[in-house]
Amino acid sequence: MADNKRNRDSPQPRQVQIAMCTNAIGRSVRLYTEVFGFAEASGEVLYGEGLARMQAVGNTTTCLGWWLLARQPFIQLELFQHEVPRQRPLPIDWRPNDHGWVRWGFAVPDFDDCLQRLRNFGIDTITDPMCFSDGVRRVAFRDPHVGTVVEILEDGPDLPGGSPPHYFNNKPAILYSAVVVPNIGSARDFWIGTLGLEEVSSDVLHTAEMEILWGLPGAERTSFVVDADGTFVEVIAYQSPIGKAKSPDYRLSDQGLQNIALGYRDRRHLDELVSRLDSEGHTLNSPLGPDNGAPTGTYTAGHDGTSVEILTILSDFDEFAGYRPKPASPIKAMLEAITR
């Protein structure tokens, strides 16, 4: 079992990606860019044995990937829509207390206008906006294409961790991701002891009363929160209502929140993390690439099955890897001009 303390001999990794599988990637890109203001970075058709092995989805895969940016550096949204293997839908009775990645949240500077755009897009929120003891207005909705919960917070100095700096102009700010686990003790060993993230106050993001936002009023849960170098990861175990475990045949290509990525700028820190994972009995889906300065990464999991990608990307590769916004599309501008 890992020492339940942050490993201070090496820097903690940073949350650099929130990955999700959507059943309509075009609609998802429109939702997050037009309604919320995320910036497009890049998009590609991805295929082959390498990605299939990394995601453990079979012998080969074909999918469309798209990358969007908030205003912070070195963190992105990653959208996938798999054709091979064909994406399977989230269970119709899925609830946000079921095991796995269930929720993520971001802050917007124009909260009221944002909610109006969301309504215009045909999406209702789970509750009306609510304000709790921290003074921050919040609301949540079920993403119609990913299927899981998204929380929107009003930007300002009272945000958990404070209002993030504006690196990419007046964009939204990613605040956290949340995962539900069956056992909080073993999860703490993984996130703090093995991955090396630093635990902060368990109510820095949410208190029990806020469970109403995603449709779980009165829920009983234990949780802890780790600081992922500027954003947070919230780890929750529900005692009531008890959520379902993932189906034994679940694949990372299925609809829903896929995982998050933890990353470094220095390859040697990734190698140190891989060594710790190996010593704790965690497997890697695929080996890392050669240590030649190029981006490299793989997927791993906690003993409870929680999927996490780990990677290294030098800043020289930020544009290539979808960490810099791309110029506005002249084709989109042309089509918009035609419809005026």
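Contacts classified as salt bridge (Lys or Arg N to Asp or Glu O under 4.0 Å) and involving residues 122-134 (residues at least two apart or in different chains) are given here: Asp134-Arg138. Among pairs with a residue in residues 158-182, none fulfils salt bridge (Lys or Arg N to Asp or Glu O under 4.0 Å), at least two apart in sequence or across chains. Among residue pairs with one or both ends in residues 106-142, those qualifying as ring-ring contact (aromatic ring centres under 6.0 Å, His included) are Phe36-Phe106, Phe36-Phe141, Phe38-Phe106, Trp104-Phe106; sequence neighbours excluded.
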Worksheet item: Can you list the steps and then say if Glu44 with Trp66 is a side chain to side chain donor-acceptor pair (under 3.5 Å)?
Response: CA-CA 7 Å; Glu44 290 190 43; Trp66 218 266; over 6 Å; no
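Taking the charged nitrogens against the carboxylate oxygens, Asp155 and Arg71 do have a contact shorter than 4.0 Å, which makes a salt bridge. A salt bridge is absent between Arg324 and Glu319; no separation between the charged side-chain nitrogens and carboxylate oxygens falls under 4.0 Å.
Proximity of Leu277 to Thr194: side-chain heavy atoms (C-beta onward) are separated by under 4.5 Å at one or more points. Contact check for Arg117 versus Glu34: no side-chain heavy atoms found under the 4.5 Å cut-off. By the 4.5 Å heavy-atom criterion applied to side chains, Ile236 and Val181 are not counted as neighbours. At least one side-chain heavy atom of Val136 sits under 4.5 Å from a side-chain heavy atom of Leu159.
The side-chain contact (heavy atoms from CB on, under 4.5 Å) test with Leu115 is passed by exactly one of Asn120, Ile123, Ile152: Ile152. Only one option out of Glu211, His99, Arg95, Arg221 pairs with Tyr238 in a side-chain hydrogen bond (donor to acceptor under 3.5 Å, both in side chains); it is Glu211.
A cation-pi contact, defined as under 6.0 Å to the ring centre and within 45° of the axis, links Arg265 to Phe74.
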